[in-house]
Amino acid sequence: MSAKAAYNVVDFGARSGGKIDSTKAFQAAWAAVCRSTKPATIQVPRGRFLLNRIAFRGPCKNTKINFRIYGTLVAPSYTVIGTANQWIWFYKVEGLSIYGGVLDGQGTSLYACKLARRRCPGGAASVMFFGMKNLLISGLTSMNSELAHIVINGCQGVSMRGIKIIAPDESPNTDGLHVQMSKGITITKSNIKTGDDCISIGPGMVNLWVEGVFCGPGHGISIGSLGKVVDEPGVQNITVKSVTFSGTQNGLRIKTWGRHSKGFVKGVVFEHAVMQNVKFPIVIDQNYCPTLKNCPCQHSGIKISDVRYSNIQGTSATEVAVKFDCSRRNPCRGIVLQDVKLTYKNKPAMASCKHAVGKVKGVITPPSCL
């Protein structure tokens with residue numbers, strides 16, 4: 001008897017072509033894999049497979065499941081999904097490995113609806129992983145998600161490598177990778193082109209390692225926004241290194257709401273970053289209040305400390321390349337700028353600091369305002 005069990009979704013009734021709903025076939029294949037007592041694999045062959053909203057639920061009987069995707073999973077129209085948390089949902093599975101494949105969120109029609117300011121449903125994230133342990137996502141491509149492409153929430157031990165995110169720069173609210181309430185996440189060797197944050201880091205994220213990521217177009221790599229609610233877990237031990245930003249709105253950003261909160265950000269390292277015509281290369285914004293409701297004239301309660309920027313090089317698309325706009329009530333502390341060289345139109349850029357305390361090391365351009 002084979003040591004591994006393999007289940008091809010076609011054998012359960014899935015049909016390629018992108019027109020016939022294969023949701024029930026995928027659910028049946030997942031049920032077979034999940035109840036297997038030995039390592040098991042779901043196989044998705046080449047072709048386009050239409051899926052409605054679907055949940056792959058655990059716990060499963062074994063902790064070694066492979067999901068090998070050679071084809072493309074296609075979302076239905078935004079009028080079918082409506083307003084939902086996610087299109088595809090993986091829930092409380094341990095030891096899952098996803099290899100290859102394309103997720104086509106078919107979000108372009110929803111982008112057009114929103115940009116035209118018509119009445120539109122909110123849309124859905126393409127895939128959400130909740131309560132997962134020891135998850136590997138390798139070589140997955142997500143294109144034209146209605147909202148965020150890939151969401152990691154409440155997970156432990158996640159490795160994402162070789163991820164490709166593709167969406168137009170005008171696509172609204174299409175974060176590439178969003179991580180929160182999780183511990184022990186790595187994101188490596190990935191290419192992200194989207195209309196919102198390439199990577200967004202939400203509350204409760206502990207021990208995140210990002211390395212070898214290309215971002216652009218997009219809004220950069222952002223910690224936040226944080227502090228929307230009072231009792232919010234903090235963010236700590238974040239490393240972002242060897243990243244490139246090209247034509248993005250932001251580079252390395254920390255963003256918090258201008259309102260009371262008990263949260264914090266500490267132990268952050270940004271190093272070896274290249275900026276290519278980035279509008280705001282280095283930003284801390286603690287006065288975020290987009291609708292001017294429930295926060296005007298308030299001060300952010302998020303405490304930011306121990307943040308180091310090292311070997312940040314390149315060009316800014318605006319004169320102020322470094323902007324620290326920290327909370328007056330809770331100033332940023334322990335900020336370190338080391339070997340930063342940012343220029344604007346072939347001249348040294350400028351820096352702006354409010355309520356930020358720290359030090360500089362090595363050569364700094366623009367001249368530090370700390």
Short N-O contact, K262 and E232, less than 4.0 angstrom: no
Indicate yes or no: at least one non-hydrogen side-chain atom of I192 is less than 4.5 angstrom from one of L177. yes
Are V274 and Q276 side-chain neighbours, meaning at least one heavy-atom pair lies under 4.5 Å? yes
Salt-bridged, R15 to D21, with N to O below 4.0 Å? no
R46 to Y70, cation-pi by 6.0 Å centre distance and 45° axis angle: no
Is there a side-chain contact between I187 and L208 (heavy atoms, below 4.5 Å)? yes
Sidechain-backbone polar pair: T23 side chain, N52 backbone, donor-acceptor under 3.5 Å: yes
Sub-4.5 Å side-chain heavy-atom contact between D175 and H149: no
Are L96 and L136 packed together at the side-chain level, in the sense that at least one heavy-atom pair is separated by less than 4.5 angstrom? no
Should we count NZ of K354 as having more than 12 external heavy atoms under 6.0 Å? no
Do side-chain atoms of R53 reach the backbone of Q86 as a donor and acceptor pair under 3.5 angstrom? yes
N144 and Y111: CA distance, side-chain angles, deciding distance, side chain to side chain contact (heavy atoms under 4.5 Å, CB included) verdict: CA-CA 9 Å; N144 297 329; Y111 308 157; 3.8 Å; yes
Contact between L370 and F324 at the side-chain level, heavy atoms closer than 4.5 Å - yes or no? yes
Is the closest side-chain donor-acceptor distance between T194 and T174 under 3.5 Å? yes
Does any N or O in the side chain of D285 come within less than 3.5 Å of the main-chain N or O of N287, such that one atom is a donor and the other an acceptor? yes
Looking only at atom types and distance, does a side-chain atom of R259 sit under 3.5 Å from a main-chain N or O of K228, one as donor and one as acceptor? yes
Can you list the residues that meet the side-chain contact (heavy atoms from CB on, under 4.5 Å) rule with T83, with sequence neighbours excluded? P121
Within a radius of less than 6.0 Å around NZ of K323, do more than 12 heavy atoms belonging to other residues, nucleotides or ligands occur? no
Is there a donor-acceptor pair under 3.5 Å between the side chain of W87 and the backbone N or O of L51? yes
Should F214 and M160 be counted in the same cluster of Ile, Leu, Val, Met, Phe, Trp and Tyr side chains packed under 4.5 Å apart? no
Check against salt bridge (charged side-chain N to carboxylate O under 4.0 Å, His left out), R333 and D306: CA-CA 7 Å; R333 300 187 183 279; D306 187 18; over 6 Å; no
Using modelled atom types only, decide if a donor and an acceptor are shared between the side chain of S182 and the backbone of V179 within a distance under 3.5 Å. no
Please lay out, stage by stage, how R57 and W89 fare under the test side chain to side chain contact (heavy atoms under 4.5 Å, CB included). CA-CA 8 Å; R57 295 177 180 271; W89 190 31; 3.5 Å; yes
Residues R328 and H299: side-chain donor-acceptor under 3.5 angstrom: yes
Residue of the set T256, N330, D325 for which side-chain hydrogen bond (donor to acceptor under 3.5 Å, both in side chains) holds with Q286: T256
Ignoring hydrogens and geometry, is there a side-chain-to-backbone donor-acceptor pair from H219 to G195 under 3.5 Å? yes
Would Y78 and L73 show up in the same hydrophobic cluster when neighbours are defined by side-chain heavy atoms closer than 4.5 Å? no
Using modelled atom types only, decide if a donor and an acceptor are shared between the side chain of S36 and the backbone of C34 within a distance under 3.5 Å. no
Contacts of W30 meeting ring pair (Phe, Tyr, Trp, His ring centres under 6.0 Å) (sequence neighbours excluded), chain-then-number -> F56
With distance as the sole criterion, is a donor-acceptor pair present between the side chains of T186 and T188 under 3.5 Å? no
Distance, nearest 0.5 Å, that separates NZ of K345 from OG of S316: 11.0 Å
Taking the six-membered ring of Y288 as reference, does the NZ or CZ atom of K255 fall below 6.0 Å from its centre and within a 45° cone about the axis? yes
N311 vs D339, test: side chain to side chain donor-acceptor pair (under 3.5 Å). Steps then yes/no. CA-CA 5 Å; N311 188 24; D339 297 326; over 6 Å; no
Answer with yes or no whether the hydrophobic clustering places V322 together with V307; edges join I, L, V, M, F, W, Y residues whose side-chain heavy atoms lie under 4.5 Å apart. yes
May I ask you to check whether F280 and F245 place their ring centers less than 6.0 Å from one another? no
Yes or no on side chain to side chain contact (heavy atoms under 4.5 Å, CB included) for L103 and L140, after CA distance, side-chain angles and deciding distance? CA-CA 8 Å; L103 306 180; L140 179 67; 4.1 Å; yes
Is the C326 SG less than 2.5 Å from the C353 SG? no
Has the side chain of K114 got a donor or acceptor atom that lies under 3.5 Å from a matching backbone atom of G122? yes
Test side chain to side chain contact (heavy atoms under 4.5 Å, CB included) on F12 and F26 and set out the steps. CA-CA 7 Å; F12 291 82; F26 274 70; over 6 Å; no
Give the intermediate values and the outcome of salt bridge (charged side-chain N to carboxylate O under 4.0 Å, His left out) for residues D104 and R48. CA-CA 9 Å; D104 184 355; R48 291 174 61 82; 3.2 Å; yes
Donor-acceptor check, side chain of S327 to backbone of S300, threshold 3.5 angstrom: yes or no? yes
